[in-house]
Amino acid sequence: MKDRRDREMVLAPTHEEAVTDLFKQQVQSYRNLPALVYQIQTKFRNELRSRGGLIRLREFIMMDLYSFDADWEGLDRSYDAMLQAYTNVFQRCGLPTVAVQADSGPIGGKDSQEFMYLTDVGEDEILLCDRCGYAANTEKADHRKLALPPEEPLALEEVATPGIKTIEELSRFLDVPPERTLKAVFYAASGEPVFVAIRGDLDVNETKLRNALGGVELRLMDDREVEAAGLVAGSASPVGLEKAAKRPVRVVADDSVRSSPNLVGGANKPDAHLRNVNFERDWQAGIVTDISLAREGSACPQCDDASTLTLRRGIESGHVFKLGTVYSEKMGATFLDQEGRQQVAVMGCYGIGVDRLLAAIIQENHDEQGIIWPASVAPYAVHLVTLSADRGGVGEAAERLYAELVERGVEVLYDDREESPGVKFADADLLGMPLRLTVSPRNMKEDSVELKRRDESDSTMVPLSEAASRVAELVAEFEE
RNA sequence: CGGGGUGUAGCUCAGCCAGGCAGAGCGCUUGGUUUGGGACCAAGAGGCCGGCAGUUCGAAUCUGCCCACCCCGACCA
């Protein structure tokens, strides 16, 4: 975009380029590696619709860190260190997270994990195995597909299937289980038609499909496009597709078709299907790979036995991945190794969404009354409340206590408003500072103040003279 | 862009179906009482009923067009 003086400006969705350029200017020698750079910065995304309070915004704050290593082993070490560091960060923030395998997108890289805060209001779906601890975003998740016993290929045979269009109808009509059928799904991949063939008991994982096709823009074809391509919705088949289709159509197959003999598939004409369709003998595909969607109840890809995956929802609070050399190669981010040879830096990138982290922390730490800040991230350690500040020396005592606490380096939110006790306590609960100190005429009679933790219902009386030191001790404990 | 919804007092909303004095609660102002868990009494202030046009004796209410916002979906290295 341009500013009022017609200068070029950028609203950056992410900052890999800026950081890689910085590296390029600053680092020439292997002696400077590994190098870690971090920042806390505003990012912009052209979201179609922001939603979820602080969860999904067009403008948001990210803390992100980039690592530069001399080789891939170095990247592995940096990555593992950051994975551990981020685990510690979320723990200290009072946010239980689980690191799950994630899709790294077209940019690629070999490993990628997201830190998920598990909550029913989360926008991401995660599959977990209770037995082995396998955890992955549904976009990424693998699963073990039902295995069919090997069979000799039988002869193709056309059967009449009047009015049958869905796998469910087909399965019932011919009395064959869904895993003995072949499903056809049509996509427009950056405008080009793609015929996806997958076993009838499975669904397409669009992220996997997009990656298989090389990061294209992917959507289902609409009825008009299906018609235009000459495909017969409900009875489409990869068998004889070249002849049936009006234009060339790429075929992508899920690898389940390799070991699934004698399936029931479409006949490329209405009201008819084919029995005994066999991959390779009857049809071929340009790409054969896993493009299937793992679901609740799918078999765990890591366990030997019959343990299944459970679906949970989560908020993505952090994301780490191995960028590799994508940026450093393109932008010439190199250094000289011990032998004086020019080498490309190997990069990793690690992000935490700061404002959505705030939302997640509050989601996890609240009650009917309001926020219960974990001490590590509370805006103030202490909420100092006066009741009837004009009576019994309350105002003066509170002023002294405030000054004493500040002196000791304790952060204090001081409520000296002339409001009723109910209002002031309710506000203190709502704002949720870890400690509340109440100075009132009643307490002054005992030369004491009331000390209450936000996360406990009981309170204790503390002599005025000891209040500041007691609080300072507690705050010190919080910081451990 | 598609689907749904909402615009009335500072805020949250009722009134619209079935046209006839512009309403409630909270908040605000003034006076008084109250003071350890969102007080009470009394008196007040506060409105282009989103905008424009139409129907009608009469429109917040019916009709058309427009604008804004919210929700769902599509999208999200």
Side-chain angles (χ1 to χ4, degrees), chain A residues 11-20 43-53 55-60 62 64 66 102-109 112 114 121-125 137-140 187-188 190 206-207 210-211 213-223 315-316 319-324 326-327 330 347-351 353 356 367-370 383 385-392 394-395 398 415-431 436-446 448-452 454 457-461:
Chain A
L11 292 180
T14 187
H15 300 134
E16 276 85 2
E17 290 89 349
V19 170
T20 306
K43 293 190 174 179
F44 301 87
R45 295 277 162 93
N46 192 15
E47 296 289 349
L48 291 174
R49 184 162 71 83
S50 59
R51 66 184 81 188
I55 298 301
R56 177 164 294 278
L57 303 170
R58 297 202 173 86
E59 176 182 339
F60 57 96
M62 282 279 274
D64 51 19
Y66 299 87
D103 178 54
S104 52
I107 294 288
S112 175
E114 290 164 336
V121 302
E123 58 174 5
D124 277 297
E125 291 187 331
N137 195 309
T138 47
E139 288 182 347
K140 170 78 176 177
Y187 282 92
S190 297
E206 294 190 3
T207 301
R210 185 178 296 115
N211 289 342
L213 289 168
V216 294
E217 187 190 316
L218 197 67
R219 59 176 174 79
L220 283 169
M221 282 169 74
D222 62 34
D223 294 346
I315 293 174
E316 180 191 344
H319 193 169
V320 298
F321 57 103
K322 298 182 180 174
L323 279 176
V326 182
Y327 286 92
K330 255 184 211 147
M347 295 171 60
C349 122
Y350 319 86
R356 68 160 50 178
D367 62 15
E368 304 281 284
Q369 270 46 258
H383 195 137
V385 174
T386 56
L387 303 179
S388 305
D390 54 339
R391 288 166 43 202
V394 166
D415 179 1
D416 61 353
R417 295 173 302 165
E418 290 176 34
E419 287 287 353
S420 71
V423 171
K424 302 186 82 162
F425 289 149
D427 283 347
D429 288 344
L430 182 66
L431 294 174
R436 188 186 78 193
L437 280 174
T438 306
V439 187
S440 72
R442 201 173 80 184
N443 298 341
M444 286 301 289
K445 281 184 195 149
E446 303 169 37
S448 296
V449 294
E450 179 199 33
L451 175 62
K452 181 180 174 300
R454 179 65 178 84
S457 54
D458 295 338
S459 62
T460 55
M461 297 303 289

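Sequence lines set the chain letters: A, B, ... in the order given, protein chains first and strands last, and positions in each chain run from 1.
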task = Remember a base hit wins even if backbone is also touched, and classify A/Arg391 as base, sugar-phosphate or nothing at under 4.0 Å, heavy atoms.
result = sugar-phosphate

message = What's A/Pro441 touching, base or sugar-phosphate or nothing? Going by heavy atoms closer than 4.0 Å.
response = nothing

Using the [atom1] atom as the reference point in each nucleotide, state the distance between [N] and [M] in Å, no decimals.
N: B/C49; M: B/C21; atom1: P; answer: 15 Å
N: B/A22; M: B/A60; atom1: C1'; answer: 9 Å
N: B/A43; M: B/G51; atom1: P; answer: 33 Å
N: B/C65; M: B/G46; atom1: P; answer: 37 Å
N: B/G7; M: B/G47; atom1: C1'; answer: 14 Å
N: B/C57; M: B/A24; atom1: P; answer: 32 Å
N: B/C76; M: B/G15; atom1: P; answer: 42 Å
N: B/C40; M: B/G25; atom1: P; answer: 12 Å

Is there a Watson-Crick or G-U wobble partner for [N] with both distances under 3.5 Å, and which nucleotide is it?
N: B/G37; result: none
N: B/G54; result: B/C62
N: B/C11; result: B/G25
N: B/C75; result: none
N: B/C69; result: B/G5

Rounding to a whole Å, what distance do you find between [X]:[atom1] and [N]:[atom2]?
X: A/Met221; N: B/A74; atom1: CE; atom2: P; result: 20 Å
X: A/Glu419; N: B/A39; atom1: CD; atom2: C1'; result: 11 Å
X: A/Phe425; N: B/A39; atom1: CZ; atom2: C1'; result: 15 Å
X: A/Asp64; N: B/A77; atom1: CG; atom2: C1'; result: 13 Å
X: A/His15; N: B/A77; atom1: NE2; atom2: C1'; result: 14 Å
X: A/Glu217; N: B/A77; atom1: CD; atom2: C1'; result: 14 Å
X: A/Leu437; N: B/G36; atom1: CG; atom2: P; result: 19 Å
X: A/Leu57; N: B/C76; atom1: CG; atom2: C1'; result: 13 Å

Picking from [options], which would you name as closest to the side chain of [X]?
X: A/Pro421; options: B/A39, B/U35, B/C76; result: B/U35
X: A/Arg210; options: B/G37, B/G38, B/C76; result: B/C76
X: A/Lys452; options: B/C76, B/A39, B/G37; result: B/G37
X: A/Thr14; options: B/G38, B/G36, B/A77; result: B/A77
X: A/Pro13; options: B/C75, B/A77, B/G37; result: B/A77

inquiry  = I want to check one thing: is the phosphate of B/U35, taken as OP1 and OP2, less than 4.0 Å away from some side-chain N or O of A/Ser388?
reply    = no

request  = Would you sort out whether A/Thr20 and A/Tyr66 count as a side chain to side chain contact (heavy atoms under 4.5 Å, CB included), showing the intermediate values?
outcome  = CA-CA 9 Å; A/Thr20 306; A/Tyr66 299 87; over 6 Å; no

Between [atom1] of [X] and [atom2] of [Y], what distance do you get to the nearest 0.5 Å?
X: A/Asp427; Y: A/Asp415; atom1: CG; atom2: CG; value: 7.0 Å
X: A/Glu59; Y: A/Arg45; atom1: CD; atom2: CZ; value: 13.0 Å
X: A/Asp64; Y: A/His319; atom1: CG; atom2: NE2; value: 12.5 Å

key: Donor-acceptor pair (no angle test) under 3.5 Å: A/Glu450 side chain, B/G36 base   = yes

request  = Indicate, yes or no, whether a donor-acceptor pair under 3.5 Å links the base of B/G36 to the side chain of A/Arg436.
outcome  = no

message = Using a 3.5 Å distance criterion without hydrogens, assess whether the side chain of A/Asp367 forms a donor-acceptor pair with backbone atoms of A/Gly370.
response = yes

Side-chain donor or acceptor of A/Asp124 paired with backbone N/O of A/Asn137 under 3.5 Å = no

A/Glu123 with A/Arg356: basic N within carboxylate O range, under 4.0 Å = yes

